[in-house]
2 protein chains.
Amino acid sequence: MAKRTSRQTGKEAKVVELYKSRTSTLQKRIKKDEAAADALLITNPKDIRYLTGFVGDDSWALVPMRGSVITILSDRRFEEQIQIEAPQAKAVMRTKSLAVTLKETMDKRKFGKVILQPDYTTLATRKAIANKVGARNVIEFDDKLIQQRSIKTADEVKTIKEALVIQQCAFNQTIAEIEPGMTEYEIAALLEYKMRFLGADGPSFNTIIAADANASLPHAIPGKKKVKAGGIILIDWGASYNGYCSDMTRVVALGKMKPKMREIYQITLDAQMAAIDVIKPGIKLSDVDKVARDVITKAGYGKEFGHSLGHGLGLDIHEEPRLAASSKGVLEEGQIVTVEPGIYLPGVGGVRIEDDILVTSKGHQVLSDLPKSLESAII
Amino acid sequence: MAKRTSRQTGKEAKVVELYKSRTSTLQKRIKKDEAAADALLITNPKDIRYLTGFVGDDSWALVPMRGSVITILSDRRFEEQIQIEAPQAKAVMRTKSLAVTLKETMDKRKFGKVILQPDYTTLATRKAIANKVGARNVIEFDDKLIQQRSIKTADEVKTIKEALVIQQCAFNQTIAEIEPGMTEYEIAALLEYKMRFLGADGPSFNTIIAADANASLPHAIPGKKKVKAGGIILIDWGASYNGYCSDMTRVVALGKMKPKMREIYQITLDAQMAAIDVIKPGIKLSDVDKVARDVITKAGYGKEFGHSLGHGLGLDIHEEPRLAASSKGVLEEGQIVTVEPGIYLPGVGGVRIEDDILVTSKGHQVLSDLPKSLESAII
């Protein structure tokens, strides 16, 4: 815990300004539509971290609609941690339930109406809160924090780059050790171990290691299937570093790659590169998806690309925006998205190639840089 | 995925009976209080697994109040998986939103009123459902499935024992490799790798490796602190195996243990053994906590034992029942609880010793069996 927090030392003032500015942006957007509210109750731990720096759990953050001092409702286990991670916040160490502590805090700060986060608050929590503060004082309002979080600061970009360095280094170390006869789950164990050893908090999601026909299942769980010479392995993995997620996919072939796999590999790669190429601020989310889909459809595999093209990432592995045919809106500077087209042939195998792309002021920057040419995929 | 599900092969009929019986128990309890309901909507993935065997996500299960056929509302990604894992269930592959698909399924089965799980359903989900099925058809009712899940079947006990075999084997392999100068996070990486390699799905919670003074923080995150000769390491870890969690804590000392740590180690161990000793069906949850607390208080460290004694475990790492001063109720046959007293001296160190205990018909069985005498703790 000490280490994790000491990374902030020396830039505390800057960090406090960052949290103030995030809070102020949130307040402004909400005020337009929910002027009657006095405060916003944040129950999603990732949002609490985003607004205060505090990374513990079992806690709520009460954000005032005026002023910048956020109150963290927590308990004694997290007292020291809050002082270190969120010194700018006011901390209340509760001895009663969170709902009772919320009521007491609202009374003290003369708050009447409070907004709850509909996507993160359960019916049981709302009931407990309404029982204490009164049902008419509870407002359900979508705070759109997830949209706000999609625009990354330079520090956030740097952290995600560090996560990518870890996951790519671990990948290189792992494929150097892969031999025919190893099982999917052994490879997953090795890859995750190396990420952890290189400083990752852990994998950013459940690692997918799928050999041969298993690669056609988008949600394969690494099992006892053995990788074999001449076969392919789909590897979809990511690192969590300082709370931020990275996410990549590569397909490798042991020794040689069969003609059918070579064919879909090259089409998938062409589709991915074409889609990355058009990424810039202002382009429609659905258009980026379409560019990749058109390449694959033209090659005759449109039906075998059964998912959307990509997603934002950050504190969560899946964030806004979504690169999908059904998405509204456009890409904005500072967003980071995955671009991950795939072709899946049931019973045969599959290919997906995924990189993480930052939207820059004039175009984009590919943050991940493992080789992905057809030649490089043969190990 | 194939492997995970093939474990069921050969005992499918027995498994189907199990899911039927769990469903029937649930229906009976709910009918008493909510006779007007036609169905129960399960949104918690662990509960869906408990009632059907299906382990995927992004899906809901609709449990009728009469009859045993559960409908799983899912999408094409999980079609094959549901057929394998939950052949007894009816599966609907949706092309629209979950809420719309729920409405269509309810109409088809002539269901009017549906119960939602208050602890797992968000305000946003309830709103989406109410918009489709009508607000007056939505009932918030605590299904108490978490209570029902606390009584384990023989197969569940066996699976948790297998998780314990993995975590204990990985522990023995890891402490054999610990040397002064290793960091906390390196030890965590090693321990998690070995669990994964031995067949665990992964750690059942974030591994705690806390050296010396860090051991006084109940929620320490493994950092760059190095372990040293003559120092102690608190290790709180667990394996997830076939979805079931195990959970243990041991404290080891490198070469020798300082007198103060020896003192609190022995007191903690005495407290733990005394509490385990009284475990049997019918004993008050609060009394088990009291037995351990009395030993520690009598020794002068009552204030340094700042958490409750233990918790149930199963598909979740924290389940019912809780062994705490504030708990109501008694232990029942078939429950599995952790017993984990601790003494924490800020700035100095801490000791916690934790085992997993099954409540048997006449008493208890300690499922974990790593040595824990003071002598065995010195490595």
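Each chain gets a letter, A, B and so on, in the order its sequence line appears, and its residues count up from 1.
- Identified by a heavy-atom distance below 4.5 Å to chain B, contributing residues of residues 341-349 of chain A are lacking entirely.
- Comparing A/T122, A/T125, A/T183 by how many heavy-atom pairs each has under 4.5 Å with chain B, the most go to A/T122.
- With sequence neighbours left out, B/F305 forms a ring pair (Phe, Tyr, Trp, His ring centres under 6.0 Å) with B/H307.
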Under 3.5 Å, side-chain donor or acceptor atoms of residues 187-194 of chain B against the rest of the protein: list the pairs with distances, not counting sequence neighbours.
unit_1 : atom_1 : unit_2 : atom_2 : d
B/E192 : OE1    : A/R196 : NE     : 2.9
B/E192 : OE2    : A/R196 : NH2    : 2.9
B/E192 : OE2    : B/T207 : OG1    : 2.7
B/K194 : NZ     : B/E177 : OE2    : 2.9

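- Ranked by heavy-atom pairs under 4.5 Å with chain B, the first of A/E80, A/R77, A/K127, A/Q117 is A/R77.
- Counting only heavy atoms from C-beta outward, the side chains of B/L123 and A/L123 approach each other to under 4.5 Å.
- Around atom CG of B/D142, more than 12 heavy atoms belonging to other residues, nucleotides or ligands sit under 6.0 Å away.
- Around CG of B/D119, the count of heavy atoms belonging to other residues, nucleotides or ligands within 6.0 Å exceeds 12.
- Every residue was checked against the ring pair (Phe, Tyr, Trp, His ring centres under 6.0 Å) condition with B/W60, not counting sequence neighbours, and none meets it.
- The environment of A/K113 atom NZ is dense: over 12 non-hydrogen atoms of other residues, nucleotides or ligands sit within 6.0 angstrom.
- More than 12 heavy atoms of other shown residues, nucleotides or ligands fall within 6.0 angstrom of atom CD in B/E140.
- Here the OH atom belonging to A/Y185 is positioned 7.5 Å from the CG atom belonging to B/L198, to the nearest 0.5 angstrom.
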